[in-house]
Amino acid sequence: MIYSEANCVPIFCDIDNDGDLDFFTGQSLGTITFYENTGTANNFILTFRSDIWQNLLIISPALNNRHGANSLEFVDIDNDNDYDLFWGDLFSKGIYFIRNDGTASEPNVVIADSIYPRNSPYSSLGYNSTRFTDIDNDGDMDMFISVLYLSQNDNNFTFYRNDGSAGNPVFNRVTDNFLLSVDAGGSSNPFFEDLDNDGDKDLVIGSDYSRLAYYKNTGTVSAPAFT
């Protein structure tokens, strides 16, 4: 049986570079549980490996050293061919950047920053979820942040454009309301994917409505417009 806490946002990632997806899920203790896929890319066998992956422990000093539910996102943000980790914690107003100083097959992660991005730090009521995609097709990853904290019902879909490069990102805040006149429900979490195979990224948002909202990209690869 695979156990994932109800309020944590898990993620799949090929963290050992063996061609299949492994499974990560957070705990309100401030740690990560790791299941290795010992099967194949098409036939998952998720084998428990650790409930304190890489000895990570996230405790927010901003709110009396508390820890809680978390949202995870793996991305190669520095273009060095291994996965780094971004972590949003229930009791943290910002984002943790956890850099992978290891390799694609043997990760070695360190907490690089608890204020991210440094040039324009993000802050909310708490419980931030990051997602990365090259939304403007310029060869580097841009950053989107949604706020899962239920009390923040506006200014909660932030877009940071990467004005740096794939290996040296410089994130500049463009808007706190990437989509206007959209109510997808509380605890909203976005995901970008080319669902209709037309070469641009569409948007899916899951929420506490217990449904998925689908927004088709009716714009272009470099100038998206969501309907």
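We're numbering straight along the sequence, starting at 1. These numbers come from a predicted model, not from an experiment.
Considering only heavy atoms from C-beta on, W53 comes within 4.5 Å of I15 through its side chain. Residues N119 and N172 form a side-chain contact, since some pair of their non-hydrogen atoms from C-beta on lies under 4.5 Å apart. Using a 4.5 Å heavy-atom threshold, the side chains of V109 and R99 count as separate. Residues T47 and F34 have side chains not in contact (no heavy-atom distance under 4.5 Å, counting atoms from C-beta outward). By the 4.5 Å heavy-atom criterion applied to side chains, I145 and Y160 are counted as neighbours. Looking at N156 and D176, their side chains never come closer than 4.5 Å, going by heavy atoms from C-beta outward. Contact of the Y149 side chain with the S124 side chain is not registered, since no non-hydrogen atoms from C-beta on lie closer than 4.5 Å. The closest side-chain heavy-atom distance from L90 to N7 is not below 4.5 Å.
A donor and an acceptor atom, one from each side chain of T218 and T227, are located under 3.5 Å apart. Defined by atom type and a distance below 3.5 Å, a donor-acceptor pair is missing between the side-chain atoms of D20 and T40. In this structure, a donor-acceptor pair under 3.5 Å is present between the side chains of S129 and S71.
Checked by atom type and distance alone, the side chain of S105 never pairs as donor or acceptor with a backbone atom of D16 at under 3.5 Å. Under the 3.5 Å distance criterion, the side-chain polar atoms of N177 are left unmatched by any main-chain donor or acceptor of L179. Between the D202 side chain and the N217 main chain, a donor and an acceptor come within less than 3.5 Å of each other. Within the 3.5 Å criterion, the main-chain N or O of D198 finds a donor-acceptor partner in the side chain of D194.
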Test side chain to side chain contact (heavy atoms under 4.5 Å, CB included) on F226 and F178 and set out the steps. CA-CA 10 Å; F226 295 97; F178 182 68; 3.6 Å; yes
Worked check of side chain to side chain contact (heavy atoms under 4.5 Å, CB included) between D142 and D136: CA-CA 8 Å; D142 307 293; D136 49 10; 3.0 Å; yes
Under the criterion side chain to side chain contact (heavy atoms under 4.5 Å, CB included), I'd like the reasoning laid out for E5 against S28: C-alpha separation, chi angles, the key distance, then a yes or no. CA-CA 8 Å; E5 289 189 17; S28 57; 3.3 Å; yes
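With rounding to the nearest 0.5 angstrom, the CZ atom of F24 is 12.0 Å from the CZ atom of R49. Between atom CE of residue M141 and atom CG of residue D76 there is a gap of 8.0 Å, rounded to the nearest 0.5 Å. Taken to the nearest 0.5 Å, the CD1 atom of I77 stands 12.0 Å off from the CG atom of D82. In this structure, CZ in F132 is found 12.5 Å from CZ in F74, a value given to the nearest 0.5 Å. The CD1 atom of I135 sits 13.0 Å away from atom CG of N162, with the distance rounded to the nearest 0.5 Å.
Considering all non-hydrogen atoms of both residues, R173 and P121 come closest at NH1-O, 3.6 Å. Closest approach of T31 and L56 over heavy atoms only: CG2-O, 3.6 Å.
With F159 as the partner, the ring pair (Phe, Tyr, Trp, His ring centres under 6.0 Å) test is satisfied by one option alone out of F171, F144, F192: F144.
Ring centers of Y96 and F86: at least 6.0 Å apart, outside the cut-off.
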